[in-house]
Amino acid sequence: YDKILINPNAEKLAQRRSEEKKFAYIMISFPPAPNMDTSAAYSRAKGALDLIKAGKSFEEVARELSDDKPSGEKGGVVDEFITAGKMDRVLEDELYSLKPGEISKAPIKLPRFGYFIIKLLKSEKREFAKFRHILITNSQKDSNSTIDKAKAKIEDIQKQLSAGAD
């Protein structure tokens with residue numbers, strides 16, 4: 001039973017993690033507790049989305065209306081690329097459904113924060129670095145000649161690798 005639940009989600013995550021996304025967002029915060037009425041926040045988020053649909057730039061709306069002022073000042077742009085598993089699942093699902101340049105179709109509700117409108121700026125294949133290491137140890141009791149031998153071995157390995165050895 002666990003396999004039925006876990007495998008499709010693990011496969012989806014692995015597929016998504018092969019890409020990195022650059023995006024921008026507008027956040028409309030919920031009112032402070034104990035006020036649980038989120039309708040005003042939804043109306044503001046819907047109004048922001050309507051402005052964008054009417055032709056106002058996403059960046060301008062982010063600067064003017066986003067409650068996250070640091071990102072709003074940058075037009076809502078997130079500085080880094082992000083990959084799957086690094087954000088709330090609801091936001092991630094919407095982000096991975098978009099093509100570059102597209103904007104979320106409706107405000108996205110994240111219960112702890114507020115409503116979000118997102119725009120996918122870029123999608124790139126994720127680069128993976130492949131590397132190996134070689135560990136050459138010496139103890140503090142080793143003499144200078146043993147340390148010199150270790151350094152010589154390191155230099156020899158560096159030459160071999162530079163010449164294309166695997």
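Taking each heavy atom of L110 and F30 in turn, the nearest pair found is O-CE1, 3.4 Å. The minimum heavy-atom distance between P100 and S123, with the atom names listed, is CG-N, 4.2 Å. Heavy-atom minimum distance, Q160 versus D156: NE2-OD2, 2.8 Å. The minimum heavy-atom distance linking S29 with A41 is given by the pair O-CB, 3.5 Å. Considering every non-hydrogen atom in both G75 and A24, the closest pair reads O-CB, 3.9 Å.
Under the 4.5 Å side-chain contact rule for hydrophobic residues, L65 and M27 do not share a cluster. L98 and L121 are assigned to two separate hydrophobic clusters, defined by single-linkage of ILVMFWY side chains at heavy-atom distances under 4.5 Å. One hydrophobic cluster holds both F116 and M87 under the rule that ILVMFWY side chains link at heavy-atom gaps under 4.5 Å. In terms of hydrophobic clustering, with Ile, Leu, Val, Met, Phe, Trp and Tyr side chains grouped at heavy-atom distances under 4.5 Å, F58 and I28 are assigned to a common cluster.
To the nearest 0.5 angstrom, L95 atom CG is 9.5 Å from E19 atom CD. In this structure, S162 OG and I157 CD1 are separated by 12.0 Å, a value rounded to the nearest 0.5 Å.
Annotation: K56, atom NZ; neighbour count of heavy atoms from other residues, nucleotides and ligands within 6.0 Å is above 12. The 12-atom threshold is exceeded at NZ of K69, counting heavy atoms of other residues, nucleotides or ligands nearer than 6.0 Å. Residue K74 places its NZ atom among more than 12 non-hydrogen atoms of other residues, nucleotides or ligands, all under 6.0 Å distant.
Salt bridge annotation for K22-E124: absent, with no cationic side-chain nitrogen under 4.0 angstrom from a carboxylate oxygen.
No donor-acceptor pair under 3.5 Å is formed between the side chain of R44 and the backbone N or O of Y115.
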### Task
Determine, step by step, whether D68 and S66 satisfy the side chain to side chain donor-acceptor pair (under 3.5 Å) criterion, reporting the C-alpha distance in whole Å, the side-chain angles of both residues, the deciding distance to 0.1 Å, and the verdict.
CA-CA 5 Å; D68 183 348; S66 183; 5.7 Å; no
### Message
Could you walk me through whether E94 and F23 satisfy the side chain to side chain contact (heavy atoms under 4.5 Å, CB included) test, starting with their C-alpha distance in whole Å, then the side-chain angles of each, then the deciding distance to 0.1 Å, before giving a yes or no?
### Response
CA-CA 11 Å; E94 182 69 20; F23 71 104; over 6 Å; no
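Within the structure, no pair that satisfies the salt bridge (charged side-chain N to carboxylate O under 4.0 Å, His left out) test touches residues 96-106, not counting sequence neighbours.
Side chains of S71 and Y25 form a contact here, defined as non-hydrogen atoms less than 4.5 Å apart. Using a 4.5 Å heavy-atom threshold, the side chains of I52 and K119 count as separate. With contacts defined as side-chain heavy-atom distances shorter than 4.5 Å, the pair I108/D88 does not qualify.
In this structure, K21 is positioned above the aromatic face of Y96, its NZ or CZ under 6.0 Å from the six-membered ring centre and within 45° of the axis.
Remark: of the listed residues I117, L49, I103, I117 is the sole one forming a side chain to side chain contact (heavy atoms under 4.5 Å, CB included) with I26.
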